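Read through the structure below, which is laid out as structure tokens, and then see the notes.
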Amino acid sequence: MSESSSPSAFSTLAELDRLVHEPARLAIMALLYVVESANFTFVMNQTGLTWGNLSTHISKLEAGSYVEVEKSFVGKRPNTDLRLTPEGRTAFSEYVTKMKQVLQEFPNQ
Amino acid sequence: MTNQFNLKEIERKAVRSTYQDGLLDIYLGLVVVCMSVFVFRPSGGYSPQNLFLMLAAFCMAYMLFWAGKKFITLPRMGQVRFGAIRKQKNATLGLILGLVILVQVAIVGLTAAGRLIPALGEQVAAFFGARNVEILLVAAVGSLFVGPGMMLMAYFTDYQHGYYIAVLMSIAVFLMIYLNQPLYPLLIGSLIILPGLLSLAAFLRKYPLPDQDAAHE
């Protein structure tokens, strides 16, 4: 690690949004970022998370106003639609930019 | 880490996952089967009945596809609405297919009017011997209608089986018109349907129906 790059990389790392940084939430947000909306089952299948795990992470993202949750019924089945809010899109985009910046600043081994 | 941020790949993977059920393969295979049964020219010639039965069969095939998506795929796999990237790709596909169809219609029009190079027609006739060159041209043009169009669709919709289906459909249309018998296209239709059925079986195993009473959150 070069002396000039280390402090900058570390300070950027410290600035990362921890709500997005967690791997499962990062996967959820990345998926929702590239689609307009997806329901709970689709996100669960794509991310490989369990029902309970996904539910917990969605609750956290919803509490942070990053994900909008819309519940309805399709026939007799409950349906939960998920989409990123504008705040969520911005947060994800900023996270990706910062992370790329951090990785670029680390020297190649 | 770079792979994690390859958003295009994430979107492509999500799109491709919607074809896992094999229903589109089955539908396209059924379209070939319907065409081979109803489009080939019976000894008595075409009749409005041929056309009506073919349209009815197409409608039934589409209804099967729709019902499969609604009652098999969606409850198991979930639903997704794709965003701006996909809408732009679909718009580009529509535009290119429109242009391709315009060119093909022009070629068919010229062929029908007998304005294509007569010398070339004679050469092709000599090469294929006794076969009617007019039928050969119609078969080739029909085949060119289907093949490139289907390949473009496969490219823009990330439908990987589409390339295989494009080649088979193209051959099916050519044989159907040139040989005027439904057996080969029927067999080709089966070659499209069979992988679709296998995909459907794998899909049903991979995605069991989730518990209806499970709370979503």
Side-chain angles (χ1 to χ4, degrees), chain A residues 21 23 26-48 50-63 67 69-84 89 92-93 95-104 106, chain B residues 1-23 66-91 156-158 199-200 202-217:
Chain A
H21 189 58
L26 183 59
I28 296 166
M29 288 194 74
L31 177 65
L32 291 177
Y33 189 80
V34 295
V35 301
E36 200 176 291
S37 70
N39 74 2
F40 198 90
T41 314
F42 189 83
V43 176
M44 192 180 75
N45 284 325
Q46 290 291 309
T47 57
T50 61
W51 204 273
N53 208 351
L54 177 60
S55 183
T56 308
H57 288 301
I58 291 294
S59 299
K60 284 182 184 170
L61 290 170
E62 192 184 13
V67 166
V69 179
E70 194 183 320
K71 293 182 180 186
S72 60
F73 274 87
V74 177
K76 287 180 181 177
R77 285 187 168 273
N79 182 59
T80 306
D81 267 320
L82 309 169
R83 70 175 71 220
L84 280 190
R89 285 195 174 271
F92 181 77
S93 183
Y95 174 84
V96 171
T97 310
K98 280 182 185 168
M99 204 63 195
K100 277 181 178 169
Q101 193 185 326
V102 168
L103 292 173
Q104 273 172 4
F106 277 107
Chain B
M1 202 70 195
T2 312
N3 286 341
Q4 284 185 19
F5 291 130
N6 192 342
L7 296 173
K8 277 186 184 171
E9 193 51 44
I10 293 171
E11 197 256 359
R12 199 173 291 139
K13 202 179 154 200
V15 171
R16 283 178 185 165
S17 73
T18 61
Y19 303 124
Q20 281 181 102
D21 55 16
L23 288 173
W66 176 84
K69 279 285 178 195
K70 183 169 182 180
F71 298 110
I72 296 173
T73 311
L74 290 187
R76 286 173 170 81
M77 203 185 173
Q79 194 168 22
V80 60
R81 280 190 194 90
F82 288 100
I85 306 170
R86 194 52 43 184
K87 281 175 188 164
Q88 198 180 349
K89 269 193 159 186
N90 288 344
F156 280 99
T157 57
D158 287 304
S199 299
L200 180 61
F203 175 83
L204 292 174
R205 272 199 305 275
K206 189 177 175 186
Y207 299 102
L209 205 55
D211 184 6
Q212 190 168 340
D213 299 325
H216 281 194
E217 265 200 81

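Order of the sequence lines fixes the chain letters, A, B, ..., with proteins taken first and strands second; residue numbering starts at 1 for each chain. Since this is a predicted model, take the numbers as computed values, not measurements.
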Legend entry - Contacts of type side chain to side chain donor-acceptor pair (under 3.5 Å), residue B/Asn90, not counting sequence neighbours: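 Scan of B/Asn90 (side chain to side chain donor-acceptor pair (under 3.5 Å), adjacent residues dropped) gives none.
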Legend entry - Rounded distance (nearest 0.5 Å) linking atom OG1 of A/Thr47 with atom CD1 of B/Ile10: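 The distance works out to 11.5 Å.
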Inset, instruction - Could you please state which residues from residues 74-82 of chain B sit under 4.5 angstrom from chain A, measuring non-hydrogen atom to non-hydrogen atom, sorted by number, or 'none'? - result: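 The list, in residue order, reads B/Pro75, B/Arg76, B/Met77, B/Gly78, B/Gln79, B/Val80, B/Arg81, B/Phe82.
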Inset, instruction - Write down the atom of B/Ala14, the atom of A/Phe42, and the distance for their closest heavy-atom approach. - result: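 That closest heavy-atom pairing would be O-CZ, 3.9 Å.
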Legend entry - Pairs touching residues 36-46 of chain A that satisfy salt bridge (charged side-chain N to carboxylate O under 4.0 Å, His left out), sequence neighbours left out: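 Every pair satisfying salt bridge (charged side-chain N to carboxylate O under 4.0 Å, His left out) with a residue in residues 36-46 of chain A: A/Glu36-B/Lys87.
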Inset, instruction - Apply side-chain contact (heavy atoms from CB on, under 4.5 Å) to B/Lys70 and list each qualifying residue two or more places apart in sequence or on a separate chain. - result: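 B/Lys70: side-chain contact (heavy atoms from CB on, under 4.5 Å) contacts with B/Trp66.
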